Amino acid sequence: MATDSWALAVDEQEAAAESLSNLHLKEEKIKPDANEDRAAQSLLNKLIRSNLVDNTNQVEVLQRDPNSPLYSVKSFEELRLKPQLLQGVYAMGFNRPSKIQENALPLMLAEPPQNLIAQSQSGTGKTAAFVLAMLSQVEPTNKYPQCLCLSPTYELALQTGKVIEQMGKFYPALKLAYAVRGNKLERGQKISEQIVIGTPGTVLDWCSKLKFIDPKKIKVFVLDEADVMIATQGHQDQSIRIQRMLPRNCQMLLFSATFEDSVWKFAQKVVPDPNVIKLKREEETLDTIKQYYVLCSSRDEKFQALCNLYGAITIAQAMIFCHTRKTASWLAAELSKEGHQVALLSGEMMVEQRAAVIERFREGKEKVLVTTNVCARGIDVEQVSVVINFDLPVDKDGNPDNETYLHRIGRTGRFGKRGLAVNMVDSKHSMNILNRIQEHFNKKIERLDTDDLDEIEKIAN
DNA sequence: AAAAAAC
């Protein structure tokens, strides 16, 4: 009998381990080492395998609390939201939850609130999901910050802030504070806003030396574009320092379209008892975006090719990405000289100017935005149908940056719309980078001849 | 390389 139960335990372990590897968590498999073995055992004991799969097999859910029911919702009513919040949701034009929301919302709104690491492609409703989670926890009568959301850039913080304001507009007493550069406050006071959205440096200051925020009172902590927020070359230092100030029972929510393997592992380490949701494989993301490359031999040729394309890309709106601020401002100036109207946005500009430019672009007053990786992530302008990589995305070692590539071209083709991405290649080296990106996503990137007007006509359709 | 920090 003892033997039987042991055998069962082993079976369960294997089943659980298998489910882990199904979720690409192979690295966490049991190793012979005694300590690790114990750790793995307790993890497995806690873990209930739940491959919640809808009929199209797009969603993977790994739930860490065996006692809470696993379910998804097909309507917002099922979530029993406060009436003001439900009103806000419908006022934004959402009729029913998106795929990621169907699965993430019940987990995030569970009692007690669950931690979550969620990965889903661009334009699948991540922002609305975590904003809803924050708004459902907030107590507007308490005049102090209770929800904290970190964004990697100023522009994204503004954009997400707008979503919070819109969705929360039926809470009369609710206020939102922007913890971003340039937002200077009176010394020595505490802020009364219930929700704070901001960039890492300023938020850290507000929580620590300036003491505008009492981090111990935060109930919900959100990392948007979570992978870059916890990446070593990203904002890891500041994000983790902020996280350490939060109370133990604070809910942690990590959202991103991409998680590179090492960052994914790190995320699971820093989030206690995380639930995990993955939506779709990334290559499917690219199905709605047609990818091309243009072969050139120098920067000037790239510029010429871009000028040839200008008419085609201005049918709707376009974003042009450069590797450095310097190239971006050079390119914007050169395009202007040629008589093409373009806007420039980069981190070297003053925040007021940045806010004005992104606003004009959003309103459609600017058709073409020349920018850096500052706009690679999260910026959602519906009319953007073309993304041009004037420089391919590479990391500090000069290797292809696949995550950034996916985020950049994800600025187009939002919410299932069709999009177009054009990569400018100017050397053997950059052709090699492009080939490696192509291999990584296993999606054909076709050659485009910018001297052939028929071809340009074709892409502009 | 870019982004991110008020003294």
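Chain A is the first sequence line, chain B the second, and so forth, proteins listed ahead of strands; every chain is numbered from 1. FYI, side chains are in, hydrogens and waters are out, and symmetry mates aren't considered; it's all heavy atoms of this structure. From a predicted model like this one, the values you see are computed outputs, not experimental measurements.
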Nearest whole Å is fine: how far is [N] [atom2] from [X] [atom1]?
{"X": "A/Lys211", "N": "B/dC7", "atom1": "NZ", "atom2": "C1'", "value": "14 Å"}
{"X": "A/Glu225", "N": "B/dA4", "atom1": "CD", "atom2": "P", "value": "13 Å"}
{"X": "A/Arg241", "N": "B/dA4", "atom1": "CZ", "atom2": "P", "value": "18 Å"}
{"X": "A/Asp391", "N": "B/dA1", "atom1": "CG", "atom2": "P", "value": "12 Å"}
{"X": "A/Phe390", "N": "B/dA2", "atom1": "CZ", "atom2": "P", "value": "15 Å"}
{"X": "A/Tyr154", "N": "B/dA6", "atom1": "OH", "atom2": "P", "value": "11 Å"}
{"X": "A/Ile433", "N": "B/dA1", "atom1": "CD1", "atom2": "P", "value": "14 Å"}
{"X": "A/Leu331", "N": "B/dA1", "atom1": "CG", "atom2": "P", "value": "19 Å"}

Self-check item: Donor/acceptor link under 3.5 angstrom from A/Gln233 side chain onto base of B/dA2
Solution: no
Could [X] and [Y] be called an ion pair, given the rule that one side-chain N must be under 4.0 Å from one carboxylate O?
{"X": "A/Lys278", "Y": "A/Glu60", "answer": "no"}
{"X": "A/Glu446", "Y": "A/Lys290", "answer": "yes"}
{"X": "A/Asp287", "Y": "A/Arg418", "answer": "no"}

What contact category does [X] fall into here, base, sugar-phosphate, or nothing, at under 4.0 angstrom with non-hydrogen atoms?
{"X": "A/Leu185", "value": "base"}
{"X": "A/Arg354", "value": "sugar-phosphate"}
{"X": "A/Phe321", "value": "nothing"}

Quiz item: Are any of A/Thr372's side-chain N or O atoms less than 4.0 Å away from OP1 or OP2 of B/dA3?
Solution: yes
Exercise. Respond yes when some side-chain nitrogen or oxygen of A/Thr202 is under 4.0 Å from OP1 or OP2 of B/dA5, and no when none is.
Key: yes
Proximity to the side chain of [X] - top-ranked nucleotide from [options]:
{"X": "A/Gln238", "options": "B/dA3, B/dA5, B/dA6", "result": "B/dA5"}
{"X": "A/Thr324", "options": "B/dA6, B/dA1, B/dA4", "result": "B/dA1"}
{"X": "A/Arg325", "options": "B/dA4, B/dC7, B/dA2", "result": "B/dA2"}
{"X": "A/Phe212", "options": "B/dA6, B/dA2, B/dA4", "result": "B/dA6"}

Exercise. State which residue, out of A/His407, A/Gln119, A/Glu403, fulfils the side chain to side chain donor-acceptor pair (under 3.5 Å) condition with A/Thr258.
Key: A/His407
Quiz prompt | side chain to side chain donor-acceptor pair (under 3.5 Å) contacts in which one or both residues fall within residues 345-358 of chain A, not counting sequence neighbours | solution = A/Glu155-A/Arg354
